[in-house]
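Report on the following structure.
It should be emphasised that the depicted structure is a prediction, and the values quoted were computed from it without experimental measurement.
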Amino acid sequence: MLTTIIYRSHLADEVPINILPGMVEKASLLNARHQVTGILLFNGTHFFQILEGPEEGVQDIYGRICADRRHHNVVELMRDYSPSRRFGNHGMELFDLRRHDSGSVLQAVLDRGTSKYRLTYDDRGLQFLRTFVEAREKENYFEVLPADYWDFVPDENGPSFPAVGVTFRPVVDPLGREVTAIEAIPDDAPDGLTGEALYAYNLSVVTEALNKAGRSCPDDIMLYVSILPMTLVNLPDAISRLINAIDRAELVPQQIILGVSETEVISQLESFTQAVRQLKQAGISISIDNFGDGSAGLSLLAHVQPDRVRIGAAIVRNIHRSGPRQAVVHAVLRCCSALEINVIAAGIEQPEEWMWLEAAGVTDFQGALFTAEGAAVAWPETREAI
């Protein structure tokens with residue numbers, strides 16, 4: 001199966017440009033042994049490469065490329081399949097954009113191609129190429145520092161939220177060194193519970209989590225609790241019981257963020273929307289959790305217009321290396337900005353994930369990078385500062 005991988009990367013500062021011809025010559029021989037062809041564009045700082053060939057060969061070559069320390073910020077833009085090669089003449093051909101006039105450079109690149117369709121049929125691979133040649137991708141291209149630039153130092157004097165029978169997970173603004181909310185995590189439902197029994201159990205553990213969290217949550221901190229969306233629909237007294245639980249815990253509704261997961265089936269959207277209206281009328285904020293993991297995200301935004309959106313780990317994992325994930329998050333952030341919805345990125349495990357999202361405009365985070373289980377909040381410090 002003819003596979004295409006397209007990526008961009010940044011030449012390492014310590015690598016001299018004059019080694020590129022020799023590097024390309026060796027790479028071309030290796031590519032040829034894997035039946036991989038393509039073209040490598042260079043603009044003086046960044047690389048853009050199209051790799052084409054058998055799937056196993058392309059993946060092997062791309063794995064070697066990702067491990068090469070002569071460049072960094074490697075971002076996979078496209079992984080797809082095609083009926084023919086776009087650049088089939090060489091194992092790897094280097095094309096230095098700086099040696100061509102800006103008005104004719106795109107045509108000069110396309111003249112090296114073997115695809116008879118050029119840009120006629122909106123070929124995605126060639127559209128990516130044109131975007132790079134015309135330098136139109138820069139507004140969405142963030143340079144991420146190496147992971148070892150940062151150290152994450154536990155704040156032993158920071159806030160703690162002890163409570164018996166409830167697990168807390170902070171939401172943090174890492175650069176502001178601030179805990180912006182804490183999440184009280186109810187117990188999972190036992191296996192086998194379904195229907196009304198599942199919703200009744202869910203409501204009971206959520207109200208119990210509110211009760212226990214109220215003993216520890218500071219007055220100036222938002223409290224985040226997740227609930228099954230259909231619990232709000234199928235239990236007629238769910239909202240009144242939640243409000244009573246908040247009152248008994250000596251909390252105020254304006255302090256509560258109620259999260260509903262996009263991955264949970266919402267079979268009665270209008271009834272759910274009505275329940276959300278009642279919660280908001282009481283002063284309770286709403287968050288759509290695991291945003292992007294399910295299939296109803298945009299519909300929920302249109303119907304519910306939550307106060308917050310929490311992007312799930314499935315979207316943010318390795319986002320610094322994935323062009324498609326970056327495009328999705330850019331779109332979510334633009335949409336939420338237009339609707340004045342705050343965005344939280346959850347499940348952060350790697351410094352590069354945090355750095356890319358921070359550069360994109362996210363300020364609130366959750367994840368093991370900042371709060372390993374049972375540990376104090378760890379704030380980022382540059383190693384030079386330490």
Side-chain angles (χ1 to χ4, degrees), residues 154-173 176-190 193 198-232 235 237-261 264 275-276 278-290 306-310 312-313 342 344-348 364-368 370-378:
D155 184 358
E156 302 298 344
N157 298 317
S160 60
F161 312 101
V164 178
V166 63
T167 301
F168 281 128
R169 181 185 296 141
V171 179
V172 300
D173 173 359
R177 299 176 69 90
E178 179 185 4
V179 175
T180 58
I182 58 172
E183 180 180 11
I185 304 173
D187 294 333
D188 292 332
L193 280 185
L198 173 62
Y199 302 132
Y201 178 85
N202 179 236
L203 183 59
S204 69
V205 295
V206 168
T207 55
E208 182 62 19
L210 286 168
N211 178 51
K212 292 177 178 178
R215 305 171 194 169
S216 303
C217 186
D219 293 339
D220 59 345
I221 292 287
M222 300 292 288
L223 179 62
Y224 206 122
V225 185
S226 295
I227 191 169
L228 294 175
M230 293 307 290
T231 296
L232 302 172
L235 300 184
D237 62 344
I239 294 173
S240 61
R241 287 176 60 185
L242 286 170
I243 294 172
N244 289 337
I246 292 168
D247 183 62
R248 287 196 306 272
E250 298 183 358
L251 299 164
V252 294
Q254 289 79 4
Q255 193 177 0
I256 305 302
I257 306 168
L258 203 61
V260 293
S261 176
E264 299 292 337
V276 168
Q278 294 178 49
L279 290 166
K280 289 195 167 192
Q281 189 173 21
I284 298 170
S285 297
I286 297 297
S287 171
I288 298 177
D289 293 347
N290 305 113
D307 304 283
R308 285 168 174 76
V309 157
R310 183 160 59 172
N342 186 43
I344 301 169
I348 306 299
D364 290 339
F365 296 87
Q366 283 182 299
F370 309 105
T371 50
E373 189 171 347
V377 175

Would you say that Asp364 contacts Val172 through its side chain, given a criterion of any heavy-atom pair below 4.5 Å between the two side chains?
no

Between Ser261 and Asn290, do the side chains contain a donor N or O and an acceptor N or O under 3.5 Å apart?
yes

So does Ser204 get a backbone contact from the side chain of Thr207, meaning a donor-acceptor N/O pair under 3.5 Å?
yes

Nearest non-hydrogen partners of Ser285 and Asp307, listed with the distance:
CA-OD2, 3.2 Å

Main-chain N/O of Val171 paired to Thr180 side chain as donor or acceptor, under 3.5 Å
yes

Could you tell me if the side chain of Ile246 sits less than 4.5 Å from the side chain of Ile284, heavy atoms only?
yes

Looking at side-chain heavy atoms only, is the closest gap between Arg308 and Ile257 below 4.5 Å?
yes

Relative to Phe370, does Arg169 satisfy both conditions: NZ or CZ under 6.0 angstrom from the six-membered ring centre, and within 45 degrees of the ring's axis?
no

So Asp237 and Ile239, do their side chains get closer than 4.5 Å, heavy atoms only?
no

What are the two closest heavy atoms between Leu203 and Ala238, and how far apart are they?
CD2-CA, 3.8 Å

Atom pair CD/CD1 of Gln281 and Ile243 - distance to nearest 0.5 Å
9.0 Å

Side chain to side chain contact (heavy atoms under 4.5 Å, CB included) between Leu279 and Leu258, intermediate numbers included:
CA-CA 9 Å; Leu279 290 166; Leu258 203 61; 3.7 Å; yes

Considering non-hydrogen atoms only, spot the tightest contact between Pro170 and Val179 and give its length.
CB-CG1, 4.1 Å

Closest heavy-atom contact between Leu235 and Tyr199?
CD1-O, 3.4 Å

Tell me, with the steps shown, if Ser226 and Asp289 meet side chain to side chain contact (heavy atoms under 4.5 Å, CB included).
CA-CA 8 Å; Ser226 295; Asp289 293 347; 3.1 Å; yes

I'd like to know whether Ile288 forms a side chain to side chain contact (heavy atoms under 4.5 Å, CB included) with Arg310, so could you lay out the CA-CA distance, the side-chain angles of the two residues, the decisive distance to 0.1 Å, and finally the verdict.
CA-CA 6 Å; Ile288 298 177; Arg310 183 160 59 172; over 6 Å; no

Do Phe365 and Thr371 make a side-chain contact, defined as non-hydrogen atoms from C-beta onward lying under 4.5 Å apart?
no

Closest approach of Gly259 and Tyr224, non-hydrogen atoms and distance?
CA-CE2, 4.1 Å

Return the OG to CG distance between Ser287 and Asn342, rounded to the nearest 0.5 Å.
9.0 Å

Quick one: closest heavy-atom pair of Leu228 and Asn202, and the distance?
N-OD1, 3.0 Å

Quick check for you: to the nearest 0.5 Å, what is the distance between Gln255 atom CD and Glu250 atom CD?
11.0 Å

Within this structure, what is the CD-CE distance for the pair Gln254 and Met222, rounded to the nearest 0.5 Å?
9.0 Å

I'd like to know whether Leu210 forms a side chain to side chain contact (heavy atoms under 4.5 Å, CB included) with Ile256, so could you lay out the CA-CA distance, the side-chain angles of the two residues, the decisive distance to 0.1 Å, and finally the verdict.
CA-CA 9 Å; Leu210 286 168; Ile256 305 302; 4.1 Å; yes

